[in-house]
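Below is one structure, written out as structure tokens, with a few remarks after it.
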Amino acid sequence: MAAPPFRACRTPSPLVPTRRRTQPFNNGCLRLTWVQHVPIRVGAGSWPGGFRAWTWFSARKQGERIENYPIADGGDQHSSPDSDEQNEIVQEIPKLLERDYAGTPYVPVYVMLPLGTLNMNGELVDPNGLVKQLKVLKSVNVDGVMVDCWWGIVGAHAPQHYNWNGYKKLFQIVRDLGLKLQVVMSFHECGGNVGDDVHIPLPSWIAEIGQSNPDIYFTDGEGRHNTECLSWGIDKERVLGGRTGVEVYFDYMRSFRVEFDEFFESGTISEIEVGLGPCGELRYPSYPAKHGWRYPGIGEFQRPCNRDLCHDSNARFLQCYDKYLLKSLQKAAEARGHLSWARGPDNAGSYNSTPHETGFFRDGGDYDSYYGRFFLNWYSRVLIEHGDRVLSLANLAFEGFSIGAKTASHAAELTAGFYNPSNRDGYAPIAAMLKKHGVALNFTCVELRTVDQHEDFPEALADPEGLVWQVLNAAWDVCIPVASENALPCYDRDGYNKILEHAKPQNDPDGKHLSTFTYLRLSPVLMEASNFMEFERFVKRMHGESVPDLGRAIGE
């Protein structure tokens with residue numbers, strides 16, 4: 001039988017929050033004030049005509065606030081208004097009709113189950129209610145569901161003792177209903193992040209070890225240990241009852257593979273996703289909400305420093321690595337011949353700083369100095385090597401079944417571990433590492449629109465569409481499958497249209513498309529009649545089926 005794809009981990013979802021939609025005025029005719037000329041790539045499902053030059057205008061209706069709209073530039077592309085006057089024109093806004101996805105490739109749609117589907121005792125919370133909801137999902141041809149297999153539940157009480165009973169009952173329910181399963185090996189803590197409505201800590205025996213050796217966690221400059229996940233500084237250190245970090249992950253995955261063999265053999269388990277960091281994502285825990293981070297703060301490096309200074313009141317801004325990663329940085333600095341570089345930046349700000357406030361990230365800042373490039377290369381390399389080690393053992397645990405992993409100003413990307421400044425593709429090395437293991441990439445935020453991001457937080461200069469396009473192409477360039485999720489709850493048609501646009505790029509010469517899409521998340525709100533009708537319509541279009549109401553213009 002064909003091996004189910006094995007997916008990896010996603011990029012930081014909280015970096016780009018949702019925005020209010022911009023609605024066009026109904027009369028179709030606006031007073032437009034010239035702003036600037038910008039050539040942009042016109043993507044699938046947006047303005048017709050492939051690649052064209054568009055001019056962004058500020059559209060104003062008497063007595064109403066300004067909105068931005070692109071207008072096809074049919075005149076002099078280099079003309080500009082007089083410096084003392086505003087050139088105002090009146091032009092009709094072209095209506096954008098929804099794209100017809102009938103006959104396009106079939107993209108399977110999965111739905112994430114609630115975080116609290118099982119309680120801390122490993123028992124199904126509401127099996128009867130869950131069965132009813134799953135039957136409704138099946139009725140609209142949803143392909144399957146995604147569920148987190150929490151290390152903190154299954155392996156809560158003792159090393160190498162696992163309680164899979166609740167998950168076995170859940171999997172039997174899913175199989176009996178004819179649905180597929182995406183299963184996440186969740187080695188992180190649940191609680192304290194966007195959308196978390198339950199608290200599932202790491203196993204209690206890990207917490208006991210952490211009390212005597214807090215260096216198994218990342219630690220910030222205030223001395224707070226981040227218990228979301230284990231530091232990958234202990235990936236090769238025997239500090240977990242005689243086992244290394246990656247050995248602990250391997251034992252858990254191997255136990256799962258043996259326990260659920262029948263579900264692998266029957267094809268019920270279609271995909272495995274391996275958690276590689278906080279929120280299951282391949283990144284550093286650089287923006288923890290529970291420690292005070294708020295969007296659009298740049299986050300903090302999980303950076304090493306002189307440990308004697310970490311307790312100095314004058315060095316509270318420093319975020320100290322555990323001693324194991326500090327040893328790695330010292331080794332890298334020694335190999336480079338600059339022992340003084342065995343430190344983290346001391347001018348990179350704090351969780352809620354903006355780039356221009358810092359000496360490291362500001363234009364012309366230290367991030368592009370010899371030291372800065374050394375540190376960022378090391379910081380990103382440690383991240384990728386962690387993913388490489390865990391995925392190597394994941395392939396061994398799952399005996400050749402395909403796997404997947406999740407992988408987000410550029411300052412926020414840099415603190416998360418993605419060395420992706422404007423002159424460097426930080427996602428290509430990650431894609432290459434995933435390719436090495438035959439692992440698919442899972443990426444979030446496909447529902448978010450750049451034009452919306454500039455409304456509530458213009459200072460963030462967020463470009464989720466550009467980020468999605470970069471990551472998709474990095475993965476497709478090395479020929480690995482790409483799966484995706486929405487970053488935040490989505491119920492409206494405009495959000496679904498944006499997902500479809502990324503899922504099936506229009507006029508792509510190679511016919512690229514997402515391998516699967518997973519919807520976040522099954523909830524009473526999704527089950528409301530109007531929301532579920534919109535969701536059903538979305539599923540049909542992802543499956544390449546026709547829908548009857550394509551006549552409306554986008555935004556109406």
Side-chain angles (χ1 to χ4, degrees), residues 9-17 192-194 217-222 224 226 228-229 231-233 276-279 281-305 316-322 325-326 328-329 343-363 365-369 371-384 386-387 406-422 424 426-427 429-430 444-445 457 459-464 467 471:
C9 295
R10 49 188 170 242
T11 34
S13 52
L15 292 182
V16 230
N193 289 298
V194 176
Y217 306 121
F218 294 105
T219 308
D220 73 11
E222 298 291 334
R224 295 171 298 197
N226 192 322
E228 286 185 80
C229 63
S231 164
W232 29 90
L276 296 174
C279 296
E281 300 168 354
L282 180 58
R283 63 171 174 85
Y284 289 89
S286 58
Y287 52 92
K290 65 181 179 181
H291 288 172
W293 172 84
R294 296 292 181 270
Y295 183 85
I298 61 175
E300 288 189 19
F301 285 117
Q302 306 291 304
R303 57 182 178 268
C305 65
R316 290 169 67 85
F317 54 86
L318 291 175
Q319 191 161 33
C320 304
Y321 249 5
D322 58 84
L325 285 178
L326 178 60
S328 169
L329 180 60
R343 59 179 175 82
D346 59 6
N347 59 349
S350 59
Y351 288 125
N352 294 311
S353 297
T354 57
H356 71 271
E357 295 173 337
T358 73
F360 192 81
F361 295 117
R362 64 176 173 80
D363 289 345
D366 291 343
Y367 80 93
D368 202 30
S369 66
Y371 158 72
R373 291 195 295 272
F374 160 80
F375 177 78
L376 291 172
N377 269 302
W378 171 82
Y379 193 68
S380 178
R381 178 173 55 81
V382 168
L383 177 84
I384 294 173
H386 166 70
K406 284 182 189 173
T407 64
S409 107
H410 291 301
E413 291 178 295
L414 296 178
T415 58
F418 301 100
Y419 191 7
N420 192 49
S422 57
R424 186 181 188 276
Y427 294 95
I430 294 173
T444 62
C445 87
F457 296 98
E459 71 277 12
L461 300 177
D463 182 14
L467 180 61
V471 175

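The figures here come from the full heavy-atom set of this structure, side chains too, leaving out hydrogens, waters and symmetry mates. Keep in mind that this is a model prediction, so the values were computed, not measured.
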List the atom of Ile430, the atom of Leu282, and the distance in Å for their closest heavy-atom pair. CG2-CD2, 4.2 Å
Using the salt bridge (charged side-chain N to carboxylate O under 4.0 Å, His left out) rule, collect all pairs that involve residues 289-298, keeping only residues at least two apart or in two chains. Glu189-Lys290
Start with the C-alpha gap between Cys229 and Phe218, add the side-chain angles, then the distance that decides, and say whether side-chain contact (heavy atoms from CB on, under 4.5 Å) holds. CA-CA 8 Å; Cys229 63; Phe218 294 105; 4.3 Å; yes
side-chain contact (heavy atoms from CB on, under 4.5 Å) assessment of Ser231 paired with Tyr217: CA-CA 5 Å; Ser231 164; Tyr217 306 121; 5.9 Å; no
With distance as the sole criterion, is a donor-acceptor pair present between the side chains of Ser286 and Trp293 under 3.5 Å? no
Does the side chain of Pro355 reach to within under 4.5 Å of the side chain of Ile298, using non-hydrogen atoms? yes
Residue pair Ser353 / Thr358: nearest heavy atoms and the distance that separates them: CB-CG2, 4.1 Å
Within the side chain of Asn352, is there an N or O that forms a donor-acceptor pair under 3.5 Å with the backbone of Gly292? yes
So, does Glu300 use its side chain to make a donor-acceptor pair with the main chain of Tyr351 at under 3.5 Å? yes
Going by heavy atoms in the side chains, are Asp366 and Pro345 under 4.5 Å from each other? no
Out of curiosity, Phe418 CZ to Leu383 CG, how far, rounded to the nearest 0.5 Å? 6.0 Å
Scanning both residues in full, the closest heavy-atom pair of Tyr367 with Arg362 reads CE2-O, 3.7 Å
Ser380 side chain vs Asn377 backbone, donor-acceptor pair below 3.5 Å: no
Per the ring pair (Phe, Tyr, Trp, His ring centres under 6.0 Å) rule, which among Trp378, Tyr284, Tyr419, Phe375 passes with Phe301? Phe375
Considering all heavy atoms, the nearest Ile384-Pro429 contact: CD1-CB, 3.7 Å
As a quick check of understanding, evaluate side-chain contact (heavy atoms from CB on, under 4.5 Å) for His356 and Asp363, giving each step before the final call. CA-CA 7 Å; His356 71 271; Asp363 289 345; over 6 Å; no
Phe360 to Ala348 - nearest heavy-atom pair and separation: CB-CA, 3.8 Å
Can you measure from CG (Leu325) to CH2 (Trp232) and round to the nearest 0.5 angstrom? 8.5 Å
Approximate separation, where rounding is to 0.5 Å, of Leu376 CG and Asn420 CG: 11.5 Å
Rounded to the nearest 0.5 Å, what separation is found between the NE2 atom of His291 and the CG atom of Asn226? 5.5 Å
Pair Tyr427, Leu467 - check side-chain contact (heavy atoms from CB on, under 4.5 Å), show working. CA-CA 10 Å; Tyr427 294 95; Leu467 180 61; 3.6 Å; yes
Quick check for you: to the nearest 0.5 Å, what is the distance between Thr415 atom OG1 and Arg283 atom CZ? 9.5 Å
